[in-house]
Protein chains: 2
Amino acid sequence: MKKKTLHPTLSHVAREAGVGTTTVSRVINGGHRVNPETLARVRRVIERLGYMPNQAARTLKGHRTKTIGLVIPSIADPFFSSCAEAAQAIARANDSLVMLTVTSNDPRTEMENLDLLIRHRTDGLLIVPANSQSQILRDLLERVAVPVVAIDRPVSDSSIASVVCDNFKGAITGTQHLIDHGYKRIVCLTGESTLYTIRERMRGYRKAMEQAKLNCIIDSSVKDYKSAEYAIKSLLDGPSPPDAIFATKNSTTIHAFEVLQRLNIPVPQSIALLGFDDFELASTVRPPISVIQQPVEEIGRRAAEILFDQLLDERGAASPASRHPVQVKLQTRLIQRASCGCTPPTP
Amino acid sequence: MKKKTLHPTLSHVAREAGVGTTTVSRVINGGHRVNPETLARVRRVIERLGYMPNQAARTLKGHRTKTIGLVIPSIADPFFSSCAEAAQAIARANDSLVMLTVTSNDPRTEMENLDLLIRHRTDGLLIVPANSQSQILRDLLERVAVPVVAIDRPVSDSSIASVVCDNFKGAITGTQHLIDHGYKRIVCLTGESTLYTIRERMRGYRKAMEQAKLNCIIDSSVKDYKSAEYAIKSLLDGPSPPDAIFATKNSTTIHAFEVLQRLNIPVPQSIALLGFDDFELASTVRPPISVIQQPVEEIGRRAAEILFDQLLDERGAASPASRHPVQVKLQTRLIQRASCGCTPPTP
DNA sequence: TTCTGGCATGGAAACGATACCACACAAGAC
DNA sequence: GTCTTGTGTGGTATCGTTTCCATGCCAGAA
């Protein structure tokens, strides 16, 4: 096999072009203060040799790495993959690369990932904290000399910037909508209760129910199809079966829907359904499922924008305004489809 | 605001511990040939200072970057996000980070991304080529001293390793299945015809149709709901309306299904539907949609494994066996649900 | 005693880029 | 004529690691 050419260095170019390294450096950084002829000559040599600057060397010399770290629970989840896509776009617009790591919501994995990213000296960090309350995480992020923006879940009691949804208000809106439809026995279905987002949504549900003087019914055992089936069957066979379901997340909504469908329970006639977080086929399925929609793409975008803002005025004198950390709370939107009892016009 | 502590360096640790830099270096690299007492002392200092090695410096000194580049068309697409997730897992198992870039299938963006990644000197590259036939891409990849594995689409006429699906055979299986059901006028719906995967699937469709002495009907105008509606309406209003649809990709399948549903055309009674590539809710919609399933996660995993194999025996003497590039072709699987006319047992 | 060899350790030269400083030279101001 | 000013250029220290080589030391062999 032919030996592949190793990467030529700046000195190679310099020697080949008969100039000093300084000049070559100037050429690749815009070519200011370089004689036009020299410039052209050096450029030609660069082209011929296929020279590409070594980022590691640049980084070492004190410049930035031109990378940001992204720490998310999962890529397969459409919510996070949309965030990631948006963040990546902003990074690229800022001439930076994204180092992607996934945590599966495991704090240990999260710490390992952060450790790796810090060793790589990413210029900034975008993180969906596995545990919003983790003392260790908070300490690490406060200690390390790297700008951080938390996504989807804040890092509590910390001065870390964050971009999250108003889960509380969203859940109120959703629950209230079911109440407005006249449902009295609304059950809140969930599979988690440690995650910040889920807790906020449950809090919103409770708030709306209490305001309407209705009893809260919460089942947090729904983790997959099996457990959803068991939960729903038990509920329906109980003394006072629910007439509506508020599902606190995507997968819960889908599992609940599958169960109702398999059991041939008409939605919304026998039981209504409203989920938190929209998904691609929510409008295709019969009946179309009403949801509280989050501005998914905007979350990722805003977070990345804030991060790069921080990076920018970290260079110069930080403007006093941006001194205390940004805490963005984005609003959700109720999408009325049929599963809640609405009869939306077919678009 | 309190000034955040900058990163301490190896020399800081050395000074603080009263040893030479060499010793500290040995400690952080396993601590062999270091006096146990010294080892403990240095470790304590490292802990106290929160020292973390600077990857840029390590890289510069000739070691690898401990990163691989991932170049994919999109993250939001579940197919690619699953690939990415699998690849990321393998990378992490090899103590490496993934630099994520997305191309939107645009060759220009692809070249820009590759350029950036090469500047960062990623140890290897995982790429879903936007254009399998691009001469420029082939040249770049062959020239650059970086191991590359192509995913989902091979780089034609090149010695680049690849992991792809047997799209051709998969499409034959799917089409043949429709033929076996007795459908005669099977239309192939697609929205692309430049992508390698789609072309292969169309080729498979044609092959199966020709073997059965049936006429090929191909409509490659389906890009969104609107165009799908137009295409299907035209087809149905035509002189000999189709009795089955073979959709060449995920989004096409979904759009076709939505149109049929909106038009109240019973599936599979009036027209059958079979898609290429599975998706989460395919079994939840009514009727459940039959598909040709790809081993999504395996594609990403295998590709990453092959890449790290290459990285490994690049260090030592490359074994003659692995000399010529690996070309893996993974088999697809027909999932019989109801939309093709099958009556699968409800699991 | 002197030599050999293994251990624990440190000095200093790389790696590839940047940037401070210096220098040479030309053109105009006085 | 000297003094400034600006332009084009290069030498070289530097960033934080690794690694080659050298050193000092002690145990056991000769």
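We name chains A, B, ... by the order of the sequence lines, and we start the count at 1 in each one.
Residue A/Asn54 places no side-chain N or O under 4.0 Å from the OP1 or OP2 atom of C/dC15. Between A/Thr38 and the phosphate of D/dT9, there is a side-chain N or O to OP1/OP2 separation shorter than 4.0 Å. Distances shorter than 4.0 Å separate none of the side-chain N or O atoms of A/Ser11 from OP1 or OP2 on C/dG16. OP1 and OP2 of D/dT7 both lie 4.0 Å or more from every side-chain N or O belonging to A/His32. Applying the 4.0 Å criterion to OP1 and OP2 of D/dG10, one finds that A/Thr23 has a side-chain N or O inside that range. Phosphate proximity of D/dG8 to A/Arg33: absent, as no side-chain N or O sits under 4.0 Å from OP1 or OP2.
Contact annotation: side chain of A/Thr22 to base of D/dG11, donor-acceptor pair present below 3.5 Å.
We find that OH of B/Tyr51 is positioned 7 Å from C1' of D/dT17, with the value rounded to whole Å. Nucleotide C/dT9 holds its P atom 9 Å from the CG atom of B/Leu39, rounded to whole Å. In this structure, the CZ atom of A/Arg15 is 13 Å from the C1' atom of C/dG16, given to the nearest Å. One atom, NE2 of B/His63, and another, C1' of C/dG16, lie 17 Å apart when rounded to the nearest Å. The CG-P distance, from A/Asn35 to C/dA26, rounds to 14 Å in whole Å. Here the C1' atom of nucleotide D/dT17 and the CZ atom of A/Arg119 are 13 Å apart, to the nearest Å. The distance between atom CG of A/Leu10 and atom P of C/dA14, rounded to the nearest whole Å, is 18 Å. The nearest whole Å value for the distance from the CZ atom in B/Arg41 to the P atom in C/dA8 is 14 Å.
Environment of CD in B/Gln135: crowded, with over 12 heavy atoms of neighbouring residues, nucleotides or ligands closer than 6.0 Å.
Axis angle, first five pairs versus last five pairs of the helix from C/dT1-D/dA30 to C/dC30-D/dG1: 70°, rounded to 10°.
A side-chain N or O of B/Thr109 and one of B/Asp106 form a donor-acceptor pair less than 3.5 Å apart.
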Test log, rule salt bridge (charged side-chain N to carboxylate O under 4.0 Å, His left out), inputs A/Arg108 and A/Glu112: CA-CA 6 Å; A/Arg108 234 182 87 86; A/Glu112 286 175 18; 3.4 Å; yes
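In terms of position along DNA chain C, the nucleotide closest to B/Val24 lies nearer the 5' end than the nucleotide closest to the other residue of the pair B/Val24 and B/Lys61. Ranked by how close their nearest DNA chain D nucleotide is to the 5' end, A/Thr21 and A/Arg26 are led by A/Arg26. Comparing B/Gly18 and B/Leu60 along DNA chain C, the residue whose closest nucleotide (by nearest heavy atom) sits nearer the 5' end is B/Gly18.
Residues A/Ser82 and A/Val296 share a closest heavy-atom pair of CB-CG1, 3.4 Å. Nearest heavy-atom pair across B/Pro147 and B/Leu307 is O-CD1, 3.5 Å. The two residues B/Thr122 and B/Thr65 come nearest to each other via the heavy atoms CA-OG1, 3.6 Å.
Between the side chain of A/Arg138 and the backbone N or O of A/Ser158 there is no donor-acceptor pair closer than 3.5 Å.
Contact of the A/Thr103 side chain with the A/Pro73 side chain is registered, since non-hydrogen atoms from C-beta on lie closer than 4.5 Å.
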